Amino acid sequence: MCGRYAASRDPDDLVEEFEVELVPGQLPPPSWNVAPTDEVSAVLVRRPRDGGGPAQRLLRPVRWGLVPSWARDAKGGARLINARAETVAQKPAFRAAFAARRCLLPADGYFEWYATETGGRQPYYISRPDGAPLAMAGLYELWRDPAGGPEAPLVWSATVITTTATDELGHIHDRSPVLLERADWARWLDPGAGADPGLTGLLVPPGPGVLRAWPVDAAVGNVRNNRPELVEPLVHDAATLF
DNA sequence: CCAGACGTTGTT
DNA sequence: GTCTGG
DNA sequence: CCAGACGTTGTT
DNA sequence: GTCTGG
């Protein structure tokens with residue numbers, strides 16, 4: 001689950017909503033069809049590069065698809081777009097990031113493809129009825145191309161943590177992203193919380209009523225399509241609306 | 001010891 | 001069928 | 001996640 | 001980097 005999402009909010013709105021500072025440089029442009037390997041905005045907490053000073057909550061671009069620090073090249077990361085909540089603390093590809101580099105990935109909503117009885121696939125858009133952005137639980141990693149030498153630039157990348165889907169969403173798909181409520185953000189993002197055994201307790205399915213879903217134009221399947229209409233309801237038959 | 005993997009998803 | 005690119 | 005490619009040779 | 005398989 002969660003192989004495509006929408007993230008169209010202005011950086012200014014995200015700064016306010018997530019109480020972050022912007023890192024210098026460009027954030028990705030608004031997108032209604034974020035695909036693996038795209039640059040996305042991430043919320044994370046870092047200490048300033050040169051020692052002293054308090055940790056800061058930042059908004060910065062990362063590549064979607066986590067590249068482990070030991071990877072020989074960045075290509076394999078294209079498939080590490082999700083990490084299972086059930087095993088994320090143990091898996092070699094994720095556990096270092098889970099212990100020390102947790103983040104939030106802001107989204108307007110995300111897409112799921114529902115497997116129909118006739119073998120077709122109908123995309124659904126899933127978002128909050130209250131209009132608030134989703135704060136998807138994620139991990140980030142820093143990678144330097146070993147072929148580029150010690151001066152090669154760092155590549156920042158991230159993955160979305162998934163869990164089981166419940167209730168109405170389970171009809172569409174059996175996995176969903178882990179969403180964190182505002183009250184849990186600071187605890188999740190605190191780099192020093194890595195040893196907190198209660199952290200995994202945050203990785204639970206969205207509660208009933210938190211999300212709603214509706215069918216959308218199949219055009220979202222092609223990553224070259226990108227427009228606000230991709231998230232709008234496709235209402236040919238109200239009975240197909242979950 | 002070295003070599004090689006290290007992940008998720010959906011579908012059967 | 002399976003891998004790569006987006 | 002889906003869409004689209006999936007190959008070699010020789011020549012410019 | 002670290003674990004597993006041989």
Side-chain angles (χ1 to χ4, degrees), chain A residues 1-7 28-40 61-101 105 107-127 134 136-147 150 154-155 157-165 169-178 194 203 205 211 213-227 230-231 234:
Chain A
M1 131 65 251
C2 206
R4 216 69 77 79
Y5 66 95
S31 176
W32 296 268
N33 196 356
V34 175
T37 71
D38 284 353
E39 291 284 311
V40 298
V62 299
R63 176 190 193 266
W64 186 21
L66 185 140
V67 183
S69 62
W70 38 258
R72 277 186 283 269
D73 59 62
K75 288 197 298 256
R79 285 187 300 286
L80 304 185
I81 60 171
N82 294 144
R84 294 176 64 88
E86 297 90 331
T87 54
V88 68
Q90 287 86 40
K91 292 289 184 184
F94 299 127
R95 62 187 170 202
F98 180 77
R101 287 176 294 281
L105 297 165
D108 309 329
Y110 63 94
F111 299 96
E112 291 287 13
W113 275 261
Y114 171 67
T116 64
E117 293 176 1
T118 56
R121 294 181 74 72
Q122 170 64 53
Y124 279 73
Y125 180 66
I126 298 159
S127 59
L134 310 185
M136 300 191 291
L139 308 175
Y140 71 95
E141 194 52 273
L142 299 170
W143 176 81
R144 204 191 302 272
D145 186 347
L154 288 172
V155 174
S157 62
T159 191
V160 174
I161 300 179
T162 66
T163 184
T164 54
L169 293 181
H171 296 140
I172 300 172
H173 200 81
D174 65 348
R175 305 290 295 174
S176 77
V178 172
L203 306 182
L211 295 172
W214 57 66
V216 293
D217 191 337
V220 72
N222 192 321
V223 298
R224 290 170 304 189
N225 296 326
N226 201 329
R227 41 193 159 82
L230 293 178
V231 306
L234 184 76

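Because the structure is a prediction, the values reported are computed rather than measured. Chain naming here is simple, since letters A, B, ... match the order of the sequence lines and numbering starts at 1 in each.
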Quick one: is [X] getting a side-chain N or O under 4.0 Å of the [N] phosphate, OP1 or OP2?
X	N	answer
A:Asn222	D:dG4	yes
A:Arg175	B:dT9	yes
A:Thr162	B:dT9	yes

Side chain of [X], heavy atoms from C-beta onward: which of [options] has the nearest atom to it?
X	options	answer
A:Arg95	E:dT2, C:dG6, B:dT11	E:dT2
A:Ala115	B:dC6, B:dT11, B:dT8	B:dT11
A:Arg79	E:dC3, C:dT4, D:dC1	C:dT4
A:Arg224	B:dG7, B:dT11, D:dA3	D:dA3
A:Lys91	C:dG6, D:dG4, B:dT8	B:dT8
A:Ala93	B:dT9, B:dC6, D:dC1	B:dC6
A:Lys75	B:dG7, C:dG5, C:dG6	C:dG5

Just checking [X]: base, sugar-phosphate only, or nothing, at a heavy-atom cut-off of under 4.0 Å?
X	value
A:Pro36	base
A:Ser31	nothing
A:Phe94	sugar-phosphate
A:Arg72	nothing
A:Trp113	sugar-phosphate
A:Ser69	nothing

Provide, to the nearest angstrom, the distance between the [atom1] atom belonging to [X] and the [atom2] atom belonging to [N].
X	N	atom1	atom2	value
A:Arg63	C:dG5	CZ	P	11 Å
A:Phe111	C:dG6	CZ	P	20 Å
A:Ile81	C:dT4	CD1	P	15 Å
A:Gln90	E:dC3	CD	P	13 Å
A:Leu230	C:dG6	CG	P	19 Å
A:Tyr124	D:dC2	OH	P	14 Å
A:Asp38	D:dC1	CG	C1'	12 Å
A:Trp70	E:dC3	CH2	P	13 Å

Closest approach of [X] to [Y] (non-hydrogen atoms, all atoms of both residues):
X	Y	value
A:Glu141	A:Ala97	OE2-CB, 3.8 Å
A:Pro68	A:Trp143	O-CD1, 3.2 Å
A:Val67	A:Ser157	N-OG, 2.8 Å

Could you tell me how far [M] sits from [N] if I compare only their [atom1] atoms? Round to whole Å.
N	M	atom1	value
D:dC1	B:dT11	P	8 Å
D:dG10	C:dG1	C1'	31 Å
D:dG4	B:dG4	C1'	31 Å
B:dA5	C:dT4	P	14 Å
B:dT8	D:dC2	C1'	15 Å

| remark: Any strand, both distances under 3.5 Å, Watson-Crick or G-U wobble: E:dG5 pairs with B:dC2

| field | Opposite nucleotide pairing with D:dT8, Watson-Crick or G-U, both atom distances under 3.5 Å | value | none

| message | Quick check: do A:Ile161 and A:Leu139 have side-chain heavy atoms less than 4.5 Å from each other? | response | yes

| Are any non-hydrogen side-chain atoms of A:Leu105 and A:Val40 less than 4.5 angstrom apart? |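 Result yes, sub-4.5 Å side-chain heavy-atom pair found.
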
| request: Can you label the angle between the A:Tyr125 ring and the A:Phe111 ring as parallel, tilted or perpendicular, going by 30° and 60°? | output: tilted

| message | Checking the side chain of A:Asn82 only, and the main-chain atoms of A:Thr162 only, is there a donor and an acceptor separated by less than 3.5 Å? | response |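 Side chain of A:Asn82 to backbone of A:Thr162: no pair is present.
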
